[in-house]
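Both ligands and their constituent atoms are indexed starting at 1 by order of listing. Any value given below was found using the heavy atoms of this structure, including those in side chains, with hydrogens, waters and symmetry copies removed. Each residue takes its place number in the sequence, starting with 1.
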Amino acid sequence: MTDLLIKGFPKGFLWGGAVAANQVEGGWNVGGKGLSTADMAIHKKDLKREEYEKHYKISNQQIADAIAAKDASDYPKRRGIDFFHRYKQDMALFAEMNFKVLRVSIAWTRIYPNGIEEQPNEEGLRFYDELFDEMHKNGIEPLVTLSHYEMPIYLVNNYGGWSSRKTVDLFEKFSITVLERYQHKVKYWLTFNEIDSLIRHPFTSGGIVTERFPADEIESVIYQALHHQFVASALAVKHCKRISPDAKIGCMLTRLLTYPESCAPEDVLLAYQENQLNYFFSDVQIRGRYPRHMTRRFAEKGINIVMQPGDEEILQQHTVDFLSFSYYMSLVTSVNADKMDKVGGNIAGGVKNPYLKTTDWDWQIDPVGLRIALNDMYDRYQIPLFVVENGMGAVDKIDKDNQINDDYRIEFFRSHLKEMKEAVKDGVELMGYTSWAPIDLISASTSEMNKRYGFIYVDQDNDGNGTLERYRKKSFYWYQEVIETNGEYL
Ligand code: BGP
């Protein structure tokens with residue numbers, strides 16, 4: 001038995017990084033690209049960092065103003081970090097760090113600018129062809145997310161985004177187009193980024209403008225939209241299996257590990273229920289059905305999911321091959337939360353954990369939580385796992401010689417990777433690890449540039465000033481060595 005003891009990361013472990021089209025590409029109005037929800041995200045400079053919800057929130061007026069705005073100045077996601085033009089240079093840097101995999105997403109609006117066209121936009125398709133070719137040239141395997149926080153604004157304004165069943169059909173068509181086109185270039189696919197996030201930011205994840213629906217119906221609308229994404233995800237799995245039988249396709253969850261604040265059974269039960277709710281999203285995509293506890297939750301909230309005949313079979317028949325997830329923080333809950341100190345986080349806030357430090361953006365740093373989460377997920381599902389986002393946003397200082405000594409970032413990753421390695425030794429089947437993000441990019445929640453995640457510094461400020469030059473941070477060399485030694489050097 002002891003000869004079966006796992007000593008560390010398996011051979012072929014997929015080390016790399018993760019980005020999303022709308023946060024890096026830029027080129028918002030070139031190559032035939034249509035306007036997306038991400039192009040509506042104005043940088044609200046007057047807001048405090050911790051007011052995440054207000055950063056996300058969008059009104060009819062803001063959408064109209066954004067559509068009328070003809071440049072990128074107030075809309076940082078329109079410019080990204082100009083990856084659209086500089087990806088070759090960036091790929092060389094990723095290769096220098098020894099990347100085996102890079103997670104990217106495909107902007108739906110590059111392929112179908114309004115989501116409804118008969119024929120796909122060849123120029124957009126060609127861009128991703130060239131991007132994937134460049135990855136392969138550098139020995140980097142693409143891991144591709146079909147939907148990462150963007151959709152055509154046309155579908156939002158004409159159909160109500162994911163609240164409409166019609167969006168399922170249009171997304172299915174988009175999925176088939178790209179699965180067919182890239183079948184010989186992409187072996188790893190993800191369906192929806194953080195599918196659970198629809199309940200936290202309905203516009204960013206689902207194209208739902210809340211003021212367009214009666215306030216007392218909005219929760220039902222959101223869960224209906226989520227059902228549509230579950231069905232669309234299952235259909236993408238179905239087509240992936242048909243088109244590329246050897247490819248692997250996974251779902252993607254924001255893993256929000258929640259601890260009870262005390263050992264009072266009421267707190268333990270509450271934490272249990274919050275974890276159960278977090279797993280609802282992966283349960284559907286892995287087990288192929290809604291968990292029974294949701295029936296009670298829906299009934300108590302007066303939510304009635306409308307299913308079309310055949311939906312249950314679709315969910316049942318087309319489950320994913322692996323579970324990928326993001327892990328940034330852990331949470332604490334209590335029945336007495338109202339009276340307790342709180343922490344921020346755009347993902348979720350909650351009660352402050354006195355044992356943990358926080359990032360510059362008040363996210364609780366919990367490496368041991370990653371080991372717990374990995375073990376817990378693997379025990380639950382018994383399918384391979386993939387960490388596809390983990391990292392810390394920080395304010396970096398660049399000195400006059402263009403050096404960035406980001407020891408805090410090295411410490412963040414070192415502590416998390418050590419715990420991840422322990423989980424592998426515990427027996428967890430783990431396919432790979434992609435840091436968020438290997439290069440500085442535009443923040444999903446606040447559209448800031450100064451919230452830096454990368455091993456590579458990008459010379460651009462919150463207002464879009466800068467040369468866009470790339471500089472290697474100290475953490476760049478550290479991660480390079482981690483990959484070179486397959487995680488032995490930590
Ligand atoms: C995840 C998203 C990413 C990413 C990350 C960090 O929820 O999938 O797109 O941005 O969070 O969040 P932020 O950019 O807001 O710091």
Peer 1: Test of understanding: given a 4.0 Å heavy-atom threshold, classify the contact between W361 and ligand 1 as side chain, backbone, both, or neither.
Peer 2: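 No part of W361 is near ligand 1 at this cut-off.
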Peer 1: Does D360 reach the main-chain N or O of A394 with its side chain, forming a donor-acceptor pair under 3.5 Å?
Peer 2: no
Peer 1: Below 3.5 angstrom, do we get any N/O pair linking Q23 and ligand 1?
Peer 2: yes
Peer 1: I'd like to know if the side chain of Q23 and the backbone of K77 have a donor-acceptor N/O pair within less than 3.5 Å.
Peer 2: no
Peer 1: Below 4.0 angstrom from a heavy atom of K451, which ligand 1 atoms are there? Numbered from 1 as shown, please.
Peer 2: 13 (P), 15 (O), 16 (O)
Peer 1: Restricting to side chain to side chain donor-acceptor pair (under 3.5 Å), what partner residues turn up for N22, sequence neighbours left out?
Peer 2: none
Peer 1: Which of the atoms of ligand 1 are close to E194, meaning less than 4.0 Å from one of its heavy atoms?
Peer 2: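 Atoms satisfying the 4.0 Å criterion: 1 (C), 2 (C), 7 (O), 8 (O).
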Peer 1: Pull out every atom of ligand 1 sitting under 4.0 Å from any heavy atom of Y453, numbered as shown with elements.
Peer 2: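 Going through ligand 1 atom by atom, the ones under 4.0 Å from Y453 are 6 (C), 12 (O), 13 (P), 16 (O).
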Peer 1: Locate the shortest heavy-atom distance separating E25 from A107; write the atom from each residue and the value.
Peer 2: OE1-CB, 4.3 Å
Peer 1: Charged N to carboxylate O below 4.0 Å: is that the case for D321 and K248?
Peer 2: no
Peer 1: At a 4.0 Å threshold, what atoms of ligand 1 neighbour a non-hydrogen atom of S443?
Peer 2: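 Under 4.0 Å from S443, ligand 1 has these atoms: 13 (P), 14 (O), 15 (O), 16 (O).
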Peer 1: Number the atoms of ligand 1 from 1 as they appear, then name those within less than 4.0 Å of a heavy atom of N193, with their elements.
Peer 2: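 Contacts of ligand 1 toward N193, numbered from 1: 8 (O).
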Peer 1: Does any N/O atom on I442 come nearer than 3.5 Å to any N/O atom on ligand 1?
Peer 2: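 No, no N or O pair falls under 3.5 Å.
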Peer 1: Please classify the Y56 to ligand 1 contact at 4.0 Å (heavy-atom distances, strictly less than): side chain, backbone, both or neither.
Peer 2: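 For Y56, there is no contact with ligand 1 at all, from either part.
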Peer 1: Can you give me the closest heavy-atom contact between D366 and S330, atom names plus distance?
Peer 2: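 So the minimum-distance heavy-atom pair works out to OD2-OG, 2.7 Å.
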Peer 1: If every non-hydrogen atom of E150 is compared with every non-hydrogen atom of A38, which pair is closest and at what distance?
Peer 2: CB-CB, 4.1 Å
Peer 1: Using a heavy-atom cut-off of under 4.0 Å, does the side chain or the backbone of S445 touch ligand 1, or both, or neither?
Peer 2: both
Peer 1: Find all atoms of ligand 1 within a distance of less than 4.0 Å from any non-hydrogen atom belonging to W363, and give their numbers and elements.
Peer 2: 12 (O), 16 (O)
Peer 1: When you look for heavy atoms under 4.0 Å from ligand 1, do you find them on the side chain of T446, its backbone, both, or neither?
Peer 2: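 Neither; nothing of T446 gets under 4.0 Å from ligand 1.
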Peer 1: Answer yes or no: is there an ion pair linking D90 with R86, defined by an N-O contact shorter than 4.0 Å?
Peer 2: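 Not counted as a salt bridge, because no side-chain N and carboxylate O are separated by less than 4.0 Å.
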